[in-house]
Amino acid sequence: MNKNFIAGEWLDGARVSRNINPSDTRDLVGEYAQADVAQTQLAIASAEAAFPAWSLSTPQQRFDILDAVGSEILARRAELGDLLAREEGKTLPEAIGEVARAGNIFKFFAGEALRPGGEMMPSVRPGVGVEITREALGVIGIITPWNFPIAIPAWKIAPALAYGNCVVFKPAELVPGSAWALAEILSRSGLPQGVFNLVMGRGAEVGATLLDDPRIAAVTFTGSVATGQKVAAACVARMAKFQLEMGGKNPMVVLDDADLGVAVNCAVQSGFFSTGQRCTASSRLIVTEGIHDRFVAAVIAKMQTLKVGDARQAGTDIGPVVDQNQLGQNLSYVGIAQAEGATLACGGTAVTHSADGQPGFYMTPALITDTTAAMRINREEVFGPVVSVLRARDYEEALFLANDTPFGLAAGIATASLKHATHFKRHSQAGMVMVNLPTAGVDYHVPFGGRKGSSYGPREQGRYAAEFYTVVKTAYTQA
Ligand code: ADP
């Protein structure tokens, strides 16, 4: 059994969870200890005790540790990618790519530890100097979802540690394997005892304990809107800092002048790959009249070539859905869209077995046409390979529809028009905008985050991560 890492020790849990392979439900990936409230509190206490020394550790010490962690992750990308694909269901190339991303993130933040920056300026008063510096916050509670089992933990843990904070990390219940492997690497990295803690367990128990504990200075959360609201309410109640990354209903606009191949590739790649289980997935294709029918036909032709199957088998384009609940939700949204008058133009059916007869949570990617903006399929996040198409008269209507959503994470446009691309970049109400590129698949060294109902608080990743993981100090000195 894989244990929790608390106060520098591997501890058994109160219970055990079974990690099941969604590509083959007969395959037990492993058994993982589940922490309870008392163990979570122990982890928090040890992180609190470790903070004073760690917050004063040298940049060199932090660089060395984070850089070595990044190197090990990169060196083991094939093995860790296999584990990730096995427990989460994205394809092996996607999983290996995600692991590499995690390794690169640790290396990026290793470098950031050496570049804390700061400002120095004269005061408005004579003979007085002003220094503006950033300091670590304290213990960071990190709560992550199942869809990026190593990259999201990496992009929260690496900056937290780089800027001198201690960490209590609670991964999602469905994917303890990658989290445990990452914790195992961190446990050998030279971090002082208590600086990093892993507490696997239930959201309502372990997660909620992190939210309510006054020793947790800040909470960074990625997951559903419903849980994000609970995180916000709990943190506001005790005035703790928090950061939320939640849902999306990301639009991809396709204009008449788009390169058809580029547009189809963007739509299929960001709509269906990783089984549509990315917060940056394009789930609404907003297509102008002149190209609509050609585009839909070409997307369907491409979809029919996609192989749904075991995540780890060569040739699989789309792995399984992560679990039975999510599969049920995806299929129910296909039904809801049809009941509201939309057309199921392609796919959208459950396939209980892979081609080899393995029982898993498979479904064919779904394309739903003839939809209107008011339909639930265009307003609510599905989080699966279910994509709808909206018809737009012209660019202006397409832009309006793109922004007509409570969410604002990513938005894309396929067009050959510099004028429309430039206008869209400026007027899209999303945190990230892509021109002739898929909405999903972002760089690891630049800010990530959304607007409106998608995100709350400072951006993650890149140098902008410092905004959340540090607090500013202004110091005045009279010479
Ligand atoms: P997802 O659809 O990604 O599972 P959730 O919001 O349910 O979205 O889960 C994201 C993370 O939040 C998981 O690690 C989960 O355990 C955790 N979580 C769920 N409920 C709570 C809660 N009440 N308090 C804190 N964390 C929670």
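Atoms within a ligand are numbered from 1 in the order they appear, just like the ligands themselves.
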Notebook entry, point to check: Considering only heavy atoms of Pro145, which atoms of ligand 1 have at least one such atom less than 4.0 Å away?
Noted result: 3 (O)

Next item on the list: Look at atom 8 (O) of ligand 1 and find which of Ser224, Gly201, Pro171, Cys279 reaches it with the closest heavy atom.
Entry: Ser224

Next item on the list: Apply ring pair (Phe, Tyr, Trp, His ring centres under 6.0 Å) to the pair Phe242 and Tyr456, showing each step before the final yes or no.
Entry: CA-CA 8 Å; Phe242 63 98; Tyr456 188 95; 5.0 Å; yes

Notebook entry, point to check: Is it true that Arg15 and Glu205 have a side-chain N and a carboxylate O under 4.0 angstrom from each other?
Noted result: yes

Next item on the list: Name the option, out of Glu205, Gln277, Lys230, Met246, that contains the heavy atom nearest to atom 23 (N) of ligand 1.
Entry: Lys230

Item checked: Selection from Asp323, Ile142, Thr227, Thr222 by shortest heavy-atom distance to atom 10 (C) of ligand 1 -> Thr222

Margin query: Please work out, at 4.0 Å between heavy atoms, whether the side chain, the backbone, both, or neither of Phe221 comes within that distance of ligand 1.
Written below: side chain

Notebook entry, point to check: Just checking, Lys90 and Phe148: is the charged tip under 6.0 Å from the six-membered ring centre and within 45° of the axis?
Noted result: yes

Note to self: Assess the residue pair Trp155 and Phe108 against the criterion (ring pair (Phe, Tyr, Trp, His ring centres under 6.0 Å)); give the C-alpha distance rounded to whole Å, side-chain angles, the decisive distance to 0.1 Å, and a yes or no.
What the structure shows: CA-CA 10 Å; Trp155 82 52; Phe108 176 86; over 10 Å; no

Notebook entry, point to check: Any idea which protein heavy atom is nearest atom 14 (O) of ligand 1, and the distance to it?
Noted result: Thr144 O, 2.7 Å

Next item on the list: For Leu211, counting its heavy atoms only, list the atoms of ligand 1 lying under 4.0 Å from any of them.
Entry: 24 (N), 25 (C)

Margin query: For ligand 1, which is the ligand I care about here, please tell me if Glu173 has any N or O atom under 3.5 Å from one of the ligand's N or O atoms.
Written below: yes

Item checked: Any side-chain heavy-atom pair of Ile150 and Glu98 under 4.5 Å -> yes

Margin query: Check this for me, if you would: do Asp82 and Arg312 make a salt bridge, where the nitrogen-to-carboxylate-oxygen distance has to be below 4.0 angstrom?
Written below: yes

